[in-house]
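Residue numbers count from 1 along this sequence.
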Amino acid sequence: MSNARSSMLAMQLHRPGDPLQLVERPIPVPAPGKIVIEVSACGVCRTDLHVVDGDICGNLPIIPGHEIVGRIISQADDVRSFNVGQRVGVPWLGHTCGHCLYCSLGEENLCDDPQFTGFTRDGGFASHTVANANYCFAIPDSFGDAEAAPLLCAGLIGYRSLRMAGDAQRIGFYGFGAAAHILTQIAVWQGREVYAFVKPGDRRSEDFARSLGCSWAGGSDQTPPLPLDAAIIFAPVGALVPAALRAVRKGARVICAGIHMSDIPSFPYRDLWHERCVRSVANLTRSDGEKFFALLAKVPVETVVTTFPLQSANEALGKLRAGEIEGAAVLVP
């Protein structure tokens, strides 16, 4: 779209459970610290499904989307980190208070007064968006716009989850979507063995996982051929927690990577015993992003994407909900 436009288009959520509606708004003027971005691509993340379906509740109406890639068309006078015309990425974490206990400890992902892109502030299911410059990232030139979009959440949250798994050599991924397909490539490059758990009977996802270097792929109802050193659960299915605990060795970790999960069913203490550990991942820090993009300069990661026009956001969400997306879905205005 031309920068001469005075209005922008967006797919907006008015009520959880309802389809997104196409709306037209004025292009915002950047307040101090802010940049205005013409969106080139925006990933469609499972968290967007949780927002649209009402699993998590934020501001309404809202423009979803937090895996944003675009170019700056205007910025406030006090912005020094970027320049007009530069390509940037906008992640889930959009702002932190900077003075609560968690911010002071370097744990800004746990900030008491945060803002989240596409959830508590408008996101990237739009032709334009506004963002806090201090929470954006430069995008490596090796990625195209659509290919870079999933890195802003699937990649970043996945990377934080992988770091929580420590130096696990044999690692399982439960749910093989946008995050797992990126993390598999990194883990294989690091010399780890990756075990992919997909929906029972989903042969296509099994084949996809093997094509990326997984040592084993099977249904989430199966037991891996060897005990795992760690497991990361990307699927929002609470029943996978006790399944993963039974699949890991003594002293291993099970990482829950999603922002929302169905209730975890009861399970016998013996499945947790022997110093197994379950922990969650909450959001990300800017340090995560800096380390992740620095790593991508070394690792030959290729994202697999299916693109949709902006106005087809509801179709993209529907296909993601039905498990019909291989890799990641991306909206292109």
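Between G43 and A149, the shortest heavy-atom distance links the atoms N-CB, 3.6 Å. In terms of heavy atoms, S74 sits closest to V84 at CA-CG2, 4.2 Å. When every heavy atom of V278 is checked against every heavy atom of C256, the shortest pair comes out as CG1-SG, 4.1 Å. F267 approaches P265 most closely through the heavy-atom pair CD2-O, 3.4 Å. Residue F143 comes nearest to V301 through the heavy atom pair CE2-O, 3.5 Å, listed as atom of the first residue, atom of the second, then distance. Taking each heavy atom of G89 and L152 in turn, the nearest pair found is C-CD1, 3.8 Å.
With sequence neighbours left out, Y195 forms a side chain to side chain donor-acceptor pair (under 3.5 Å) with E193. In this structure A244 satisfies the side chain to side chain contact (heavy atoms under 4.5 Å, CB included) test together with Y174, A231, I233, V254, sequence neighbours excluded. In this structure, the side chain to side chain donor-acceptor pair (under 3.5 Å) partners of D288, at least two apart in sequence or on a different chain, are R160, R163, T285. For R203, the side chain to side chain donor-acceptor pair (under 3.5 Å) criterion is met by E206, not counting sequence neighbours. Remark: T184 pairs with F173, F176, V188, V194, L212, C214 by the side chain to side chain contact (heavy atoms under 4.5 Å, CB included) rule, at least two apart or across chains. A search for side chain to side chain donor-acceptor pair (under 3.5 Å) contacts involving H66 returns D48, not counting sequence neighbours.
Using a 4.5 Å heavy-atom cutoff, the side chains of K34 and V79 are not in contact. Residues F197 and W216 have side chains in contact (heavy-atom distance under 4.5 Å, counting atoms from C-beta outward). Counting heavy atoms from C-beta on, the side chains of I186 and F292 come closer than 4.5 Å. Within the 4.5 Å cutoff, the side chain of I157 has heavy atoms near those of the V281 side chain. For the pair R253/V248, no side-chain contact is recorded, criterion being any heavy-atom separation below 4.5 Å from C-beta on. Using a 4.5 Å heavy-atom threshold, the side chains of S6 and P26 count as separate. V39 has its side chain out of reach of S127: every pair of non-hydrogen atoms, C-beta onward, lies at least 4.5 Å apart. Side chains of R192 and R170 form no contact here, defined as non-hydrogen atoms less than 4.5 Å apart.
No more than 12 heavy atoms of other residues, nucleotides or ligands sit less than 6.0 Å from atom CD of E275. More than 12 heavy atoms of other residues, nucleotides or ligands shown are found within 6.0 angstrom of CZ on F82. Counting heavy-atom neighbours within 6.0 Å of Q169 CD, excluding the residue itself, gives a total above 12.
Contacts classified as ring-ring contact (aromatic ring centres under 6.0 Å, His included) and involving residues 5-52 (residues at least two apart or in different chains) are given here: H50-H260. Among pairs with a residue in residues 85-98, those fulfilling salt bridge (charged side-chain N to carboxylate O under 4.0 Å, His left out) read R87-D145, at least two apart in sequence or across chains. The salt bridge (charged side-chain N to carboxylate O under 4.0 Å, His left out) pairs that include a residue from residues 309-333 are D53-R321, R204-E326, K319-E324, where partners are two or more places apart or lie in different chains. Applying the ring-ring contact (aromatic ring centres under 6.0 Å, His included) test to pairs two or more places apart or on separate chains, none has a residue in residues 312-333. Contacts classified as salt bridge (charged side-chain N to carboxylate O under 4.0 Å, His left out) and involving residues 10-22 (residues at least two apart or in different chains) are given here: R15-D18.
To the nearest 0.5 Å, atom CG of residue L20 and atom CG of residue N314 are 4.5 Å apart. Atoms CD1 and CG, from I264 and L245 in turn, are 9.0 Å apart once rounded to the nearest 0.5 Å. Once rounded to the nearest 0.5 Å, the distance linking CD1 of I68 with SG of C42 reads 5.0 Å. Going from atom CG of N283 over to atom CG of L156 covers 11.5 Å, rounded to the nearest 0.5 Å. The distance from atom CG of N134 to atom CZ of R80, rounded to the nearest 0.5 Å, is 11.5 Å. Of the inter-residue distances, the one linking H128 atom NE2 with M8 atom CE reads 8.0 Å to the nearest 0.5 angstrom.
Connection of M164 to L93 is established within a shared hydrophobic cluster, with ILVMFWY side chains joined at heavy-atom distances below 4.5 Å, either directly or through further cluster members. V305 and V90 fall into different hydrophobic clusters, where Ile, Leu, Val, Met, Phe, Trp and Tyr residues are linked whenever their side-chain heavy atoms come under 4.5 Å apart, directly or through other members. Residues I255 and L228 do not share a hydrophobic cluster, clusters being chains of Ile/Leu/Val/Met/Phe/Trp/Tyr side chains in contact below 4.5 Å. The hydrophobic clustering, which links ILVMFWY residues whose side-chain heavy atoms are closer than 4.5 Å, places I73 and V69 together. A single hydrophobic cluster is not seen to contain both L310 and V330; linkage of ILVMFWY side chains at heavy-atom distances under 4.5 Å, directly or through other members, places them apart.
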(request) Given side-chain contact (heavy atoms from CB on, under 4.5 Å), test T96 with Y102 step by step and report yes or no. (result) CA-CA 10 Å; T96 55; Y102 302 101; over 6 Å; no
(request) Could you give me the CA-CA distance, side-chain angles and deciding distance for N83 and I72, then say whether side-chain contact (heavy atoms from CB on, under 4.5 Å) is met? (result) CA-CA 7 Å; N83 298 306; I72 300 171; over 6 Å; no
(request) Mind running side chain to side chain donor-acceptor pair (under 3.5 Å) on T303 and E147 for me, showing each step along the way? (result) CA-CA 6 Å; T303 56; E147 290 71 24; 5.8 Å; no
(message) Go through it in stages, so that I can follow the logic: the residues are L240 and S220, the test is side-chain contact (heavy atoms from CB on, under 4.5 Å), and I'd like the CA-CA distance, side-chain angles, deciding distance and then a yes or no.
(response) CA-CA 8 Å; L240 293 177; S220 59; 3.7 Å; yes
(message) Using the rule given for side-chain contact (heavy atoms from CB on, under 4.5 Å), can you reason through R249 versus D229, listing the C-alpha separation, both sets of side-chain angles and the distance that settles it, and then say yes or no?
(response) CA-CA 6 Å; R249 63 167 175 79; D229 298 320; 2.8 Å; yes
Under 3.5 Å, sequence neighbours excluded: what are the donor-acceptor pairs made by side chains of residues 103-125?
residue: S104; atom: OG; partner: C100; partner atom: O; Å: 3.4
residue: S104; atom: OG; partner: L101; partner atom: O; Å: 2.6
residue: E108; atom: OE1; partner: R286; partner atom: NE; Å: 3.3
residue: E108; atom: OE1; partner: R286; partner atom: NH2; Å: 2.8
residue: E108; atom: OE2; partner: R286; partner atom: N; Å: 2.8
residue: E108; atom: OE2; partner: R286; partner atom: NE; Å: 3.1
residue: N109; atom: ND2; partner: A282; partner atom: O; Å: 2.9
residue: Q115; atom: OE1; partner: R121; partner atom: NH1; Å: 3.2
residue: T117; atom: OG1; partner: P91; partner atom: O; Å: 2.7
residue: T117; atom: OG1; partner: W92; partner atom: O; Å: 3.4
residue: T120; atom: OG1; partner: F116; partner atom: N; Å: 2.7
residue: T120; atom: OG1; partner: F116; partner atom: O; Å: 3.4
residue: R121; atom: NH1; partner: G94; partner atom: O; Å: 3.1
residue: D122; atom: OD1; partner: I63; partner atom: N; Å: 3.0
residue: D122; atom: OD2; partner: R25; partner atom: NH1; Å: 2.6

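Under 3.5 Å, the side chains of T223 and R246 contain no donor-acceptor pair of N or O atoms.
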